[in-house]
2 protein chains.
Amino acid sequence: MPTAARVKRQATPISRTTLTAAAFEQLISYVVKGDWKAGDRIPPERELCQQLGIARTSLREALKAMELIGLLESRVGDGTFVCPRSEFLSRPLLWALTGTDHIELGNIMEARALIERDLAGLAAERGTEDEIEAIGQQVRAMREAIDHGGSIVDADMNFHLAVARAAKNDVLHNAVQLLRNLLRHWINLKLMLPGVSEQVLSEHDAIYKAVRRRDPDAARSAMWSHLQITAELVNRVVEQAKQPVHRQSPSNA
Amino acid sequence: MPTAARVKRQATPISRTTLTAAAFEQLISYVVKGDWKAGDRIPPERELCQQLGIARTSLREALKAMELIGLLESRVGDGTFVCPRSEFLSRPLLWALTGTDHIELGNIMEARALIERDLAGLAAERGTEDEIEAIGQQVRAMREAIDHGGSIVDADMNFHLAVARAAKNDVLHNAVQLLRNLLRHWINLKLMLPGVSEQVLSEHDAIYKAVRRRDPDAARSAMWSHLQITAELVNRVVEQAKQPVHRQSPSNA
DNA sequence: AATGGTATAGAGGTCTTACCATTCAGTCAA
DNA sequence: TTGACTGAATGGTAAGACCTCTATACCATT
């Protein structure tokens, strides 16, 4: 280009989108807006593509993308279902996101501890009464689960999410969820160790009480120590899993 | 098969997977392992599906998934290209990840500040000499960019990534990258404000020096104040963008 | 030379049709 | 009641056709 190119593309470059991309956004919005809820079975492909007015091929490209991301699950002869968010973050997505297949457990635990420590402090500072009460609710839920049966796992997860919600930061709330999902397998094992549930409950309670009395520092350190202990236990569980002779590897669901 | 054909699949360990999923993993690994680098043009579909020994339909489902995630970009008549990681995190993926279309800028800024504050502290504690030197390198790169032209944006991004790397936590390193990408548009605008680049440079330098003298607290507070100022400026830019009469909206790239 | 038109090959986008493999529910005989 | 069988419905895969769009090279005009 001899004469100083000009480039200056002022004009709008006319946007066009592909059918597949449009379908993808549409389908995602179904999930996001709650038309399709976790566990739901969505209409069969042959029906859906008619509703959307596109060919099955185009629809499938969108559908497949959602499945590979981990939003949907297809079973031949059965149908296609919406995955619960709790089982989110598929390995393909992890790849896409991190550019690597394997992330050190320790890194995840550390990230979680750092983030949730901050969140605990924020929750104590800015949580509303209702939001803080929701935290307490999860403490009681765990008590209930321990005493009369129920899902300790859910109570655990929900407790941490309640804290994140009280901290009023959607981004970190989501981060908590993602990190927690990455650790799901090991945390579940951890919670089954003898005495651990009582231990966790008391730690949660300490965090809750600190938040309730609006003591950010106490909340931070309570959360920190809780997650340090958790990390310790998780490491122990992981080591245990390595030892046995014929134990199958955890594999991500 | 008249007699119930109970397929005893004892022998083969169930390696059952769909062709599309297999192709997807294969393609991802090309990107991850660097066979396909950012900007590369990948083989045409008709050729690629032959190489992989699958139908174009199946290949396209995998290809499309990668495109919708934001890993690839297809242009009709031209070809399919690998997206640079810096332009990662497409809106569809954001949807899939957060379950929402819109996240408050303030939340993103806050999350970033909290995370990077921790990272700055960790970098001061555990960064190797080389890693810390890499931080300084980015400070100098920005000096160079200001004085003799060059990408201030890159130097800015790389500085923060260098800090994250010195902190030795892959998860948070990636978080920094993602959050930064979400803010990309506004940060770029911010960096163009008069005097801001010098300001940023001096703040970066302060962080670098704190890290280098292994002072976690100083590093934390330097990073914190840097990101508070940044948040302030970004808000100002956002407000400016709202006012003018005929400014086009930013739109995600 | 620079500009603009034009032809063309090749890329992705879309649709159609077909068939396969699996699953599930209903049927019917033992 | 049980168990095997059957068939419809579903997702998975393949192949081929045709479209629009892009980049490129070539040519005519200025």
Side-chain angles (χ1 to χ4, degrees), chain A residues 1-6 9 13-27 36 39-83 92, chain B residues 1-9 12 14-27 36 39-83 92:
Chain A
M1 292 222 207
T3 58
R6 1 176 233 149
R9 52 178 62 203
I14 351 179
S15 66
R16 265 198 61 258
T17 176
T18 67
L19 287 184
T20 297
F24 183 72
E25 299 213 355
Q26 182 71 62
L27 298 183
W36 292 349
D40 280 3
R41 171 176 159 164
I42 73 176
E45 297 177 352
R46 289 168 176 83
E47 188 176 316
L48 198 51
C49 65
Q50 282 197 348
Q51 287 180 19
L52 297 179
I54 60 177
R56 195 174 157 216
T57 318
S58 304
L59 172 66
R60 269 183 63 86
E61 285 173 3
L63 236 30
K64 250 334 195 182
M66 292 181 68
E67 183 182 349
L68 292 175
I69 286 176
L71 249 46
L72 299 178
E73 181 188 353
S74 294
R75 290 197 291 269
V76 185
D78 197 1
T80 302
F81 302 81
V82 180
C83 286
Chain B
M1 290 218 194
T3 59
R6 214 73 174 106
V7 210
K8 46 176 67 182
R9 50 183 65 201
T12 39
I14 324 184
S15 63
R16 184 84 184 90
T17 176
T18 67
L19 286 184
T20 298
F24 183 72
E25 299 212 356
Q26 181 71 61
L27 298 183
W36 292 349
D40 280 3
R41 171 175 160 167
I42 73 176
E45 298 177 352
R46 290 167 175 82
E47 187 177 316
L48 198 50
C49 66
Q50 283 197 348
Q51 287 181 19
L52 298 178
I54 61 179
R56 192 173 161 219
T57 317
S58 305
L59 172 65
R60 269 183 64 86
E61 286 174 2
L63 235 33
K64 251 329 195 184
M66 292 182 68
E67 182 181 352
L68 292 175
I69 287 175
L71 249 46
L72 299 178
E73 181 188 354
S74 293
R75 291 197 291 269
V76 187
D78 196 1
T80 301
F81 303 81
V82 180
C83 285

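Heavy-atom basis, side chains included; hydrogens, waters and symmetry copies ignored.
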Check against side chain to side chain contact (heavy atoms under 4.5 Å, CB included), Met66(B) and Ile69(B): CA-CA 5 Å; Met66(B) 292 182 68; Ile69(B) 287 175; 5.7 Å; no

Just to be sure I understand the rule, does [X] reach a base, reach only the sugar-phosphate, or reach nothing, if contact means heavy atoms closer than 4.0 Å?
{"X": "Arg75(A)", "value": "sugar-phosphate"}
{"X": "Thr57(A)", "value": "base"}
{"X": "Ile54(B)", "value": "sugar-phosphate"}

Distance check needed: [N] [atom2] versus [X] [atom1], whole Å only.
{"X": "Glu61(B)", "N": "dA15(D)", "atom1": "CD", "atom2": "C1'", "result": "14 Å"}
{"X": "Glu73(A)", "N": "dG12(D)", "atom1": "CD", "atom2": "P", "result": "10 Å"}
{"X": "Arg41(B)", "N": "dT24(D)", "atom1": "CZ", "atom2": "C1'", "result": "12 Å"}
{"X": "Arg56(A)", "N": "dA15(D)", "atom1": "CZ", "atom2": "P", "result": "16 Å"}
{"X": "Gln50(B)", "N": "dT13(D)", "atom1": "CD", "atom2": "C1'", "result": "16 Å"}
{"X": "Phe81(B)", "N": "dT22(D)", "atom1": "CZ", "atom2": "P", "result": "12 Å"}
{"X": "Leu72(B)", "N": "dA11(C)", "atom1": "CG", "atom2": "C1'", "result": "15 Å"}
{"X": "Leu59(B)", "N": "dG13(C)", "atom1": "CG", "atom2": "C1'", "result": "14 Å"}

When you look at Val76(A) and Thr18(B), which way does the side chain to side chain contact (heavy atoms under 4.5 Å, CB included) test go after all the steps? CA-CA 11 Å; Val76(A) 185; Thr18(B) 67; over 6 Å; no

Is a side-chain donor or acceptor of Arg75(B) paired with a backbone partner of Phe81(B) at a separation under 3.5 angstrom? no

[X] side chain: which of [options] is closest?
{"X": "Thr18(A)", "options": "dC24(C), dG12(D), dG13(C)", "answer": "dG13(C)"}
{"X": "Lys64(B)", "options": "dG12(D), dC15(C), dG13(C)", "answer": "dG13(C)"}
{"X": "Arg60(B)", "options": "dT23(C), dT14(C), dT13(D)", "answer": "dT14(C)"}
{"X": "Arg46(A)", "options": "dG12(C), dT13(D), dG12(D)", "answer": "dG12(D)"}
{"X": "Ser58(B)", "options": "dT22(D), dG12(D), dA14(D)", "answer": "dA14(D)"}

Salt bridge or not between Lys64(B) and Glu61(B)? Use side-chain N to carboxylate O under 4.0 Å. no

Nearest non-hydrogen partners of Ala62(B) and Leu68(A), listed with the distance: CA-CD1, 4.5 Å

All heavy atoms of Cys83(B) vs all of Gly70(B), minimum pair found to be CB-O, 3.6 Å

Let me know, please, whether Pro43(B) or Asp78(A) comes out on the 5' side of the other along DNA chain C by nearest nucleotide. Pro43(B)

Nearest-nucleotide check on DNA chain C, Gly53(A) vs Glu45(B); residue mapping nearer the 5' end is Glu45(B)

Testing the 3.5 Å rule here: is there a donor-acceptor pair between the side chains of Ser58(A) and Thr20(A)? no

Residue-phosphate contact under 4.0 Å: Thr80(B) side-chain N/O, dG12(C) OP1/OP2: yes

I'd like to check Leu48(A) versus Leu27(A) (side-chain heavy atoms, cut-off strictly below 4.5 Å). Are they in contact? yes

Quantify the bending of the helix from dA1(C)-dT30(D) to dA30(C)-dT1(D) as the angle between its end axes, each fitted on five pairs, to 10°. 10°

